[in-house]
Amino acid sequence: MKIRLSNTLGGGKDEFVPLREDRVTMYVCGPTVYNYIHIGNARPIVVFDLLYRLLKRCYRMVVYVRNITDVDDKIIAAAAAEQVAIGELTRRYTAAFYDDIAPLGVLAPDIEPRATGYIRPMIKMIQRLLGGGHAYQAEGHVLFDVPSMPDYGQLSRRDLAGLQPGARVEVEAYKRHPSDFVLWKPAAAGETGWESPWGRGRPGWHLECSVMAGVHLGETIDIHGGGRDLVFPHHENEIAQSTCAHGGRPFARYWVHNGYITVDGEKMSKSLGNFRMLRDVLKKHHGECVRLALLGVHYKKPLDWSDGVLEQARRALEKWYRLLLDARPGVAADADPQVTEALCDDLNTPQAIARLHEIAHAASAAPAADRARHLALLRASAAALGLLGHEPQAWLRWRPAAAADDAALGDDEIEALIAERNRARDGRDYPAADRIRRRLAQAGVVLEDGAEGTRWLRQ
RNA sequence: GGCUAGUUGGCAGAGUGGUUAUGCAGCGGCCUGCAAAGCCGUGUACGCCGGUUCGACUCCGGCACUAGCCUCCA
């Protein structure tokens with residue numbers, strides 16, 4: 001199986017060939033833990049989980065690193081605003097992060113380093129950069145000397161002359177070049193900081209990823225992933241630091257970036273305030289619906305978030321789980337070749353999902369004797385996307401925690417009403433039977449009378 | 001000003017130098033006490049203007065529009 005990936009570096013769709021045949025390395029930028037994550041943060045979590053699953057099918061060993069940023073200006077500001085210690089704040093939001101993504105069905109990365117655990121190697125990298133003439137000190141800061149790197153801007157395809165310095169943020173006077181960025185900044189009295197050769201301070205934002213990738217995966221990694229908005233300056237600066245600290249050896253060979261999520265056509269971001277928190281979405285929707293909704297659009301493209309995309313995902317999953325109610329367990333199968341092929345072609349999830357629909361349709365239309373085979377194929381193929389791993393009846397009867405109020409009916413009440421309705425039907429008292437159907441419908445319960453009795457599910 | 005991505009049927013969304021994407025919704029039928037689900041059938045599309053070609057939604061050029069980046073961001 002050959003995987004092709006869109007590579008931001010160069011802009012083409014390249015065949016993926018790992019540096020070492022036996023060991024693939026992937027680093028993905030994880031959350032900064034100063035707040036709950038929004039649905040836009042969830043997209044790379046799901047997209048790179050999918051890539052991780054695919055790589056694991058193709059290569060013997062895959063090492064996936066996803067960091068947690070637990071030191072940063074926004075964290076310090078948030079801790080001050082909430083009047084709690086930094087460590088307490090980051091512990092709280094780290095725990096919330098894991099709670100929030102659990103329903104998305106993502107595999108745990110192999111390594112999840114936290115920035116604060118890597119201060120020593122960060123200082124070492126800064127020293128190497130200073131020694132190599134790629135950094136300088138000014139007013140207590142250590143800054144990366146951008147003009148010292150000839151290829152700077154190759155990822156985001158900009159040259160230094162074309163940048164509009166200070167377009168959005170004022171340029172500090174101590175910078176030699178407007179594009180120079182902070183490697184180490186001084187900590188004010190009472191602020192979080194670590195001792196360093198340049199005084200007490202803390203690392204710049206970009207440094208941690210360079211260092212943690214280097215420590216765990218080596219100087220040159222295969223895949224570096226993240227959201228599009230990290231291309232510049234974050235990833236550009238990571239390249240600059242790592243390449244210059246590693247004697248010019250390349251940092252990452254394939255750069256993979258997911259598109260952002262929009263709301264009403266506008267980018268969702270914490271700064272715009274139009275974000276949808278993942279935990280709020282999950283109060284009303286099954287996590288698997290969120291996962292499928294996120295995979296319903298090719299990962300590179302913008303995805304306009306709405307109840308519509310969630311509803312579309314829900315209907316597809318409902319259809320598939322209804323079919324799987326009849327699946328016999330234990331029928332093993334490999335994923336459908338066309339599904340695998342679609343995924344290998346730059347993670348073409350819409351095409352893979354279309355194929356799942358075709359498999360499902362074939363199962364519905366097949367004679368009963370052939371059904372098990374189709375359903376096993378459906379389940380195995382969906383598993384390649386991290387889908388349909390739940391027990392069908394439980395999934396179909398799932399209700400969001402937020403719906404557990406007085407209007408909702410419990411399973412026992414529903415079963416009792418169904419028994420009452422079936423007694424009415426046996427007595428041909430159809431008006432009474434229909435009254436119960438309507439009552440259940442109002443509670444979101446759908447009844448289906450089949451040859452083997454009455455089946456129910458929640459919608 | 002520079003750079004990036006995009007524009008496909010009522011909606012979502014792939015792909016392709018000539019032949020059904022797929023799903024949802026719609027319409028007709030089968031099935032059903034009523035329904036639901038499912039099945040069968042069915043309509044609708046490639047932003048605009050040029051060019052290349054036997055043939056362009058697809059390739060090339062230009063234009064328009066949308067979104068984003070140019071040191072907070074997934």
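By convention in this document, chain letters (A, B, ...) are assigned in the order of the sequence lines, proteins followed by strands, and residues within each chain are numbered from 1. The structure displayed is predicted, hence computed values, not measured ones.
Residues satisfying the side-chain contact (heavy atoms from CB on, under 4.5 Å) criterion with A/Asp434, sequence neighbours excluded, are A/Arg438. For A/Ala115, the side-chain contact (heavy atoms from CB on, under 4.5 Å) partners at least two apart in sequence or on another chain are A/Asp70, A/Val71, A/Met122, A/Glu208, A/Met212. Residues meeting the side-chain contact (heavy atoms from CB on, under 4.5 Å) test with A/Ala135, sequence neighbours left out: A/Leu129, A/Leu130, A/Val142, A/Leu183. Residues passing the side-chain hydrogen bond (donor to acceptor under 3.5 Å, both in side chains) test with A/Lys74, sequence neighbours excluded: none. Residues satisfying the side-chain contact (heavy atoms from CB on, under 4.5 Å) test with A/Thr94, not counting sequence neighbours, are A/Val33, A/Ile68, A/Tyr98, A/Arg114.
Between the CG atom of A/Asn422 and the P atom of B/A35 there is a distance of 17 Å, given to the nearest Å. Regarding A/Leu317, its CG atom lies at a distance of 20 Å from the P atom of B/U22, rounded to whole Å. A straight line from CG of A/Leu356 to C1' of B/A21 spans 14 Å, rounded to a whole angstrom. Residue A/Arg397 contributes atom CZ, which lies 20 Å from atom P of B/A36 at whole-angstrom precision. A straight line from CD of A/Gln338 to C1' of B/A14 spans 13 Å, rounded to a whole angstrom. As rounded to whole Å, 9 Å separates atom P of B/C34 from atom OH of A/Tyr430. When rounded to the nearest whole Å, the span between OH of A/Tyr299 and C1' of B/G13 equals 17 Å. Between the CG atom of A/Leu295 and the C1' atom of B/A14 there is a distance of 14 Å, rounded to whole Å.
Taking atom P in both B/G61 and B/A14, one finds a spacing of 24 Å when rounded to whole Å. Separating the P atom of B/U66 from that of B/C30 is a span of 50 Å, rounded to the nearest Å. Here the separation of B/G43 from B/C24, taken at their C1' atoms, is 16 Å to the nearest Å. The C1' atoms of B/C72 and B/C65 are separated by 29 Å, rounded to the nearest whole Å. A distance of about 37 Å separates the C1' atoms of B/A74 and B/U20, rounded to the whole Å. Spacing of P atoms, B/U4 relative to B/C63, comes out at 15 Å, to the nearest Å. Using atom C1' as the reference point in both B/G47 and B/G18, the two lie 23 Å apart (nearest Å). Only the P atoms considered, B/U58 is 13 Å distant from B/U19, to the nearest whole Å.
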Original post:
How does RNA chain B read in dot-bracket, base by base from 5' to 3', with Watson-Crick or G-U pairs under 3.5 Å and | used when the partner is on another strand?
Top reply: (((((((..(((.....[...))).(((((.......)))))....(((((..]....))))))))))))....
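Residues A/His374 and A/Leu323 form no side-chain contact, since every pair of their non-hydrogen atoms from C-beta on lies 4.5 Å or further apart. By the 4.5 Å heavy-atom criterion applied to side chains, A/Leu457 and A/Tyr321 are not counted as neighbours. Taking the side chain as every heavy atom from C-beta outward, A/Glu238 and A/Cys29 approach each other to under 4.5 Å.
Remark: the A/Tyr36 side chain and the A/Asp99 side chain contain no N/O donor-acceptor pair separated by less than 3.5 Å.
Centroid-to-centroid, the aromatic rings of A/Tyr136 and A/His177 stay 6.0 Å apart or farther. A/Trp198 and A/His141 have their aromatic ring centers separated by at least 6.0 angstrom.
Heavy atoms of A/His38 sit under 4.0 angstrom from at least one base atom. Using a 4.0 Å heavy-atom criterion, one finds that A/Asp449 contacts the bases of the nucleic acid, with or without backbone contacts as well. The residue A/Gly308 sits apart from the nucleic acid: no heavy atom pair falls under 4.0 Å. When heavy atoms are screened at a 4.0 angstrom cut-off, A/Gly296 is found touching the sugar-phosphate backbone but no base atom. Using a 4.0 Å heavy-atom distance criterion, A/Leu447 is classed as a base contact. Using a 4.0 Å heavy-atom distance criterion, A/Lys267 is classed as a base contact. Base engagement by A/Ile261 is indicated by at least one non-hydrogen atom pair under 4.0 Å involving a base atom. Nucleic acid contact class of A/Arg421 (heavy atoms, under 4.0 Å, all strands): base. A/Asp429 comes within contact range of no nucleotide atom at all, as no heavy-atom separation falls under 4.0 Å. Counting any heavy atom pair closer than 4.0 Å across all strands shown, A/Val309 reaches no nucleic acid atom. At a threshold of 4.0 angstrom between heavy atoms, the contacts of A/Arg425 include nucleobase atoms, whether or not backbone atoms are also involved.
Across the interface with RNA chain B, nearest-nucleotide mapping of A/Gly40 and A/Pro350 shows A/Pro350 to be the residue nearer the 5′ end. Both A/His235 and A/Gln459 lie close to RNA chain B; mapped to their nearest nucleotides by heavy-atom distance, the more 5′-ward contact belongs to A/Gln459.
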Can you tabulate the close N/O pairs, meaning under 3.5 Å, that link protein atoms to atoms of nucleotides 23-28 of chain B?
from, atom 1, to, atom 2, distance (Å)
B/C24, OP1, A/Lys319, NZ, 2.9
B/C24, O3', A/Arg315, NH1, 3.4
B/A25, OP1, A/Arg315, NH1, 2.9

Pairs under 3.5 angstrom, nitrogen or oxygen only, protein versus nucleotides 3-6 of chain B, please.
from, atom 1, to, atom 2, distance (Å)
B/C3, O2', A/Ser156, O, 3.4

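In the set B/A74, B/G13, B/C34, the nucleotide with an atom closest to the side chain of A/Asp434 is B/C34. Checking B/G33, B/A35, B/A14 against the side-chain heavy atoms of A/Arg437 singles out B/A35 as nearest. Comparing B/A21, B/C69, B/A74 by their closest approach to the side chain of A/Phe232 singles out B/C69.
Counting only residues at least two apart or on different chains, the ring pair (Phe, Tyr, Trp, His ring centres under 6.0 Å) pairs with a member in residues 278-316 of chain A are A/His286-A/His390, A/His286-A/Trp395, A/His286-A/Trp398. Within the structure, salt bridge (Lys or Arg N to Asp or Glu O under 4.0 Å) contacts touching residues 350-378 of chain A (residues at least two apart or in different chains) are A/Asp326-A/Arg371, A/Asp336-A/Arg355, A/Arg355-A/Glu358. The salt bridge (Lys or Arg N to Asp or Glu O under 4.0 Å) contacts involving residues 416-427 of chain A comprise A/Arg421-A/Asp449, A/Arg425-A/Asp449, where partners must be two or more places apart or lie in separate chains. Within the structure, the ring pair (Phe, Tyr, Trp, His ring centres under 6.0 Å) test picks out no pair touching residues 414-459 of chain A (sequence neighbours left out).
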